[in-house]
**Student:** 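Dropping the structure in here first, questions after.
Please read all numbers here as calculations on a predicted model, not as lab measurements.
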Amino acid sequence: MLPSKIQSALSYCEGKNVYEIMEDNNIELLSIPLESAYGVILINDDKSIIIIDKALPWQCKEFVLWHEIGHFLLDHKNGEFHFLKNSKGERDINVFACLMLGGNMQEWTYRGVPIEIAVNVYDYLSQNVYVKELLSDVYFLKR
């Protein structure tokens with residue numbers, strides 16, 4: 001079973017695109033050159049800002065936005081959160097972002113999820129009973 005905070009965030013976002021979630025939560029988007037991060041979210045009670053690397057390939061943009069929205073929805077606190085180019089950890093955030101993009105690794109990587117993150121998320125999800133109901137049969141043999 002997925003942690004309840006991830007399940008709640010997925011339910012909240014169901015049927016909406018990333019831009020609708022940003023608008024609903026008064027989150028502004030800026031695109032500027034970033035040296036060591038794909039994206040950053042600055043969370044504040046009044047207004048939050050997502051900053052993404054201007055050089056980010058278009059295929060990765062939606063994943064990075066969902067990743068930052070994941071910080072907003074799952075971390076529930078004011079502060080600054082960085083999605084570093086060489087970051088490890090942040091499993092729950094990456095699980096949320098991947099599941100917002102699709103139900104299998106092929107969809108995730110097609111939509112810009114770095115392969116290492118896609119593999120880590122898949123490995124984590126494949127250890128949950130929940131996964132067989134959610135993920136494509138491409139990755140599971142029918143018995």
Side-chain angles (χ1 to χ4, degrees), residues 1-128 130-141:
M1 201 61 186
L2 279 176
S4 62
K5 65 181 183 175
I6 297 174
Q7 190 60 54
S8 294
L10 291 168
S11 295
Y12 172 74
C13 295
E14 188 175 357
K16 296 181 182 178
N17 67 47
V18 73
Y19 299 102
E20 291 171 309
I21 299 296
M22 290 170 57
E23 185 177 326
D24 291 349
N25 290 282
N26 199 25
I27 301 172
E28 184 179 331
L29 175 61
L30 295 174
S31 181
I32 63 173
L34 295 174
E35 295 278 325
S36 62
Y38 293 116
V40 177
I41 186 166
L42 309 170
I43 300 175
N44 194 316
D45 289 334
D46 300 347
K47 181 177 200 147
S48 297
I49 299 171
I50 292 176
I51 303 167
I52 60 169
D53 185 2
K54 189 176 187 173
L56 200 60
W58 65 268
Q59 299 95 328
C60 300
K61 184 177 178 179
E62 187 178 12
F63 171 69
V64 172
L65 290 174
W66 278 122
H67 178 97
E68 299 305 336
I69 292 294
H71 280 297
F72 181 85
L73 296 174
L74 300 174
D75 289 330
H76 300 293
K77 57 187 172 192
N78 289 345
E80 184 174 325
F81 300 90
H82 300 259
F83 183 17
L84 302 175
K85 292 182 178 178
N86 61 357
S87 69
K88 300 206 189 263
E90 298 199 303
R91 182 196 69 210
D92 289 351
I93 303 300
N94 287 330
V95 167
F96 165 77
C98 284
L99 292 177
M100 287 307 302
L101 294 176
N104 61 54
M105 281 181 45
Q106 183 177 6
E107 287 180 280
W108 302 337
T109 55
Y110 178 77
R111 296 185 71 186
V113 177
I115 190 72
E116 183 179 335
I117 291 174
V119 168
N120 289 338
V121 167
Y122 177 79
D123 286 346
Y124 167 74
L125 289 176
S126 67
Q127 296 172 26
N128 290 281
Y130 169 84
V131 128
K132 290 186 181 181
E133 298 165 8
L134 179 66
L135 297 179
S136 168
D137 287 339
V138 170
Y139 297 103
F140 295 97
L141 295 173

**Student:** Applying side-chain hydrogen bond (donor to acceptor under 3.5 Å, both in side chains), name anything that partners Tyr110, two or more places apart in sequence or on another chain.
**Tutor:**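 By the side-chain hydrogen bond (donor to acceptor under 3.5 Å, both in side chains) rule, Tyr110 matches no residue at all.
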
**Student:** Just by distance, do the side chain of Asp53 and the backbone of Ala55 share a donor-acceptor pair under 3.5 Å?
**Tutor:**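 Yes: the side chain of Asp53 pairs with the backbone of Ala55.
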
**Student:** Please tell me whether Asp24 and Tyr12 have a donor and an acceptor in their side chains that are separated by less than 3.5 angstrom.
**Tutor:**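 Note: Asp24 and Tyr12 side chains miss the donor-acceptor criterion.
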
**Student:** Give, for atom CE of Met100 and atom CG of Leu73, the distance between the pair rounded to the nearest 0.5 Å.
**Tutor:**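 Answer rounded to 0.5 Å: 9.0 Å.
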
**Student:** Nearest heavy-atom pair of Leu99 and Leu125: which atoms, and what distance?
**Tutor:**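 Leu99 and Leu125 have their closest heavy atoms at CD2-CD1, 3.9 Å.
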
**Student:** Using every non-hydrogen atom in the two residues, find where Leu56 and Lys61 come nearest and quote the distance to one decimal.
**Tutor:**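 Closest approach of Leu56 to Lys61, heavy atoms only: CD2-CA, 3.8 Å.
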
**Student:** What heavy-atom pair brings Met105 and Tyr122 nearest, and what distance separates the two atoms?
**Tutor:**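 Scanning both residues completely, I find the closest heavy atoms to be SD-CB, 3.4 Å.
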
**Student:** Taking the side chain as every heavy atom from C-beta outward, state whether Phe63 and Ile117 have any atom pair closer than 4.5 Å.
**Tutor:**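 Sidechains of Ile117 and Phe63: in contact.
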
**Student:** Got a second to check how far His71's NE2 is from Ile41's CD1, nearest 0.5 Å?
**Tutor:**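 Nearest 0.5 Å value for the NE2-CD1 distance: 8.0 Å.
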
**Student:** For a quick test of reading the model, state the closest non-hydrogen atom pair linking Val40 to Ala37 and the distance between them.
**Tutor:**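 Answer, listing the atom of Val40 first, then Ala37: CG2-CB, 4.3 Å.
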
**Student:** Roughly how far apart are Leu2 CG and Phe96 CZ, rounded to 0.5 Å?
**Tutor:**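 Those atoms lie 11.5 Å apart.
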
**Student:** Could you tell me which non-hydrogen atom of Leu29 sits nearest to which non-hydrogen atom of Met22, and how far apart they are?
**Tutor:**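 Distance-wise, the nearest heavy atoms are CB-CE, 3.5 Å.
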
**Student:** Taking salt bridge (Lys or Arg N to Asp or Glu O under 4.0 Å) as the definition, give me every residue that meets it alongside Glu23, ordered by chain and number, with sequence neighbours left out.
**Tutor:**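 Per chain and number, Glu23 pairs via salt bridge (Lys or Arg N to Asp or Glu O under 4.0 Å) with no residue.
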
**Student:** Rounded at 0.5 Å granularity, tell me how far CD1 in Ile69 sits from OH in Tyr19.
**Tutor:**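 Separation between the atoms: 10.5 Å.
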
**Student:** Asn26: what forms a side-chain hydrogen bond (donor to acceptor under 3.5 Å, both in side chains) with it, not counting sequence neighbours?
**Tutor:**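 So Asn26 forms no side-chain hydrogen bond (donor to acceptor under 3.5 Å, both in side chains) with any residue.
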
**Student:** Which heavy atom of Thr109 sits nearest to which heavy atom of Gln106, and what is that distance?
**Tutor:**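 Closest approach of Thr109 to Gln106, heavy atoms only: OG1-O, 3.3 Å.
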
**Student:** Nearest 0.5 Å please: distance from the CD1 atom of Ile50 over to the CD1 atom of Ile27.
**Tutor:**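 Going from the CD1 atom of Ile50 to the CD1 atom of Ile27 covers 5.0 Å.
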
**Student:** What distance separates Asn25 CG from Ser48 OG, expressed to the nearest 0.5 Å?
**Tutor:**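 These two atoms lie 8.0 Å from each other.
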
**Student:** Between the side chain of Trp108 and the main-chain N/O of Cys98, is any donor-acceptor distance below 3.5 Å?
**Tutor:**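 Present.
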
**Student:** Keeping Glu20 on the side-chain end and Asn17 on the backbone end, is there a donor-acceptor pair under 3.5 Å?
**Tutor:**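 Between the backbone of Asn17 and the side chain of Glu20 there is a qualifying donor-acceptor contact (under 3.5 Å).
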
**Student:** Are the side chains of His67 and Asn94 in contact, using a 4.5 Å heavy-atom criterion?
**Tutor:**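 Yes, close enough: below the 4.5 Å cut-off.
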
